[in-house]
Colleague: 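Attaching a single structure in structure tokens format; questions to follow.
One is the number of the first residue; the rest follow in order along the sequence.
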Amino acid sequence: HVQLQESGGGFVQRGASLRLPCATSGRAGLSYAVGWFRQAPGKEREFVAAISWSGGSTFYADSMKARFNVSKDNAKKTVYLEMNSLSPEDTAIYYCAAQSSSVTFFSGGYSVREQYDYWGQGTQVTVSS
């Protein structure tokens with residue numbers, strides 16, 4: 001079993017940057033790939049970025065590739081989502097999630113929310129204009 005806890009959200013101005021940590025815990029915490037999703041009011045939860053268990057592979061939604069960066073610190077068991085040049089369209093609850101199957105992950109499951117086994121509670125990011 002894996003627990004995930006997001007933090008780092010808040011209220012920022014257009015153009016600002018934020019870094020969201022996702023702390024993982026549990027005996028097998030480092031064996032999972034981790035993805036980031038977000039959900040804006042009235043919209044479906046959408047894929048943002050993902051990182052493999054080793055940290056050697058990263059994936060991004062096309063619309064966020066230029067501004068977002070995902071990384072991990074295995075010693076701290078934490079995955080980070082760095083977001084730059086934020087706009088009001090980035091306002092959402094941001095979730096991190098863990099996926100146990102590397103086969104599924106690398107077969108495209110990294111962007112499919114139903115393929116993730118564990119989820120954090122989310123952290124709110126609000127960007128004002």
Side-chain angles (χ1 to χ4, degrees):
H1 190 75
V2 177
Q3 294 83 42
L4 304 103
Q5 180 64 59
E6 308 90 340
S7 61
F11 186 95
V12 297
Q13 302 277 354
R14 177 191 291 271
S17 297
L18 275 178
R19 189 176 75 157
L20 306 181
C22 170
T24 66
S25 62
R27 191 172 69 177
L30 290 179
S31 301
Y32 288 75
V34 173
W36 284 94
F37 290 76
R38 70 183 186 183
Q39 188 166 17
K43 294 188 176 181
E44 295 287 317
R45 192 171 300 188
E46 65 174 344
F47 170 71
V48 174
I51 188 165
S52 63
W53 168 64
S54 69
S57 298
T58 56
F59 304 91
Y60 298 91
D62 288 343
S63 61
M64 302 170 213
K65 189 178 302 183
R67 299 185 296 119
F68 290 9
N69 183 67
V70 61
S71 62
K72 68 184 304 186
D73 184 330
N74 283 334
K76 295 182 178 180
K77 297 185 180 182
T78 300
V79 174
Y80 300 95
L81 179 68
E82 182 177 348
M83 307 184 294
N84 301 301
S85 302
L86 287 165
S87 72
E89 290 70 35
D90 296 313
T91 294
I93 300 174
Y94 284 73
Y95 300 89
C96 62
Q99 184 170 144
S100 59
S101 171
S102 60
V103 172
T104 301
F105 183 81
F106 284 106
S107 298
Y110 61 83
S111 65
V112 180
R113 64 185 183 187
E114 291 82 3
Q115 297 295 343
Y116 283 82
D117 305 292
Y118 304 99
W119 289 82
Q121 294 299 307
T123 185
Q124 176 72 48
V125 172
T126 303
V127 185
S128 70
S129 57

Colleague: Regarding Y60 and N69, do their side chains bring together a donor and an acceptor under 3.5 Å, going by distance alone?
Modeller: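 Present: a donor and an acceptor within the cut-off.
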Colleague: Got a donor-acceptor contact below 3.5 angstrom from the T78 side chain to the K76 backbone?
Modeller: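 Present.
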Colleague: Tell me, please, whether Y95 has R45 positioned over its six-membered ring: NZ or CZ under 6.0 Å from the ring centre and within 45 degrees of its axis?
Modeller: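 Judged by the rule (NZ or CZ under 6.0 Å from the ring centre, within 45° of its axis), R45 counts as positioned above Y95.
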Colleague: Determine whether V34 and C96 make a side-chain contact, defined as any pair of heavy atoms from C-beta on separated by less than 4.5 Å.
Modeller: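 Yes, side chains in contact.
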Colleague: So, S100 and D117: side-chain donor and acceptor under 3.5 Å apart, yes or no?
Modeller: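 Yes, side-chain donor-acceptor contact under 3.5 Å.
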Colleague: Supply the atom-to-atom distance Y80 OH to C22 SG, rounded to the nearest 0.5 angstrom.
Modeller: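 Here the interatomic distance stands at 10.5 Å.
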Colleague: Below 4.0 angstrom, N of the basic side chain to O of the carboxylate: do E44 and R113 qualify?
Modeller: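 The answer is yes: the pair qualifies as a salt bridge.
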Colleague: Decide whether S25 and Q3 meet the rule of one side-chain donor and one side-chain acceptor closer than 3.5 Å.
Modeller: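 Result is yes, a qualifying pair exists.
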Colleague: Ring-plane angle category for F47 and F37, please: parallel below 30°, perpendicular beyond 60°, tilted otherwise.
Modeller: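 Rings of F47 and F37: perpendicular, as their planes differ by over 60°.
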Colleague: Say whether, by atom type as modelled, one donor and one acceptor occur between the side chain of T126 and the main chain of F11 under 3.5 angstrom.
Modeller: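 The answer is no, because no donor-acceptor pair under 3.5 Å joins these two groups.
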Colleague: Using the rule given for side-chain contact (heavy atoms from CB on, under 4.5 Å), can you reason through F68 versus V48, listing the C-alpha separation, both sets of side-chain angles and the distance that settles it, and then say yes or no?
Modeller: CA-CA 8 Å; F68 290 9; V48 174; 3.4 Å; yes
Colleague: Is a side-chain donor-acceptor pair under 3.5 Å present for Y94 with R38?
Modeller: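 Indeed, the side chains of R38 and Y94 share at least one donor-acceptor pair under 3.5 Å.
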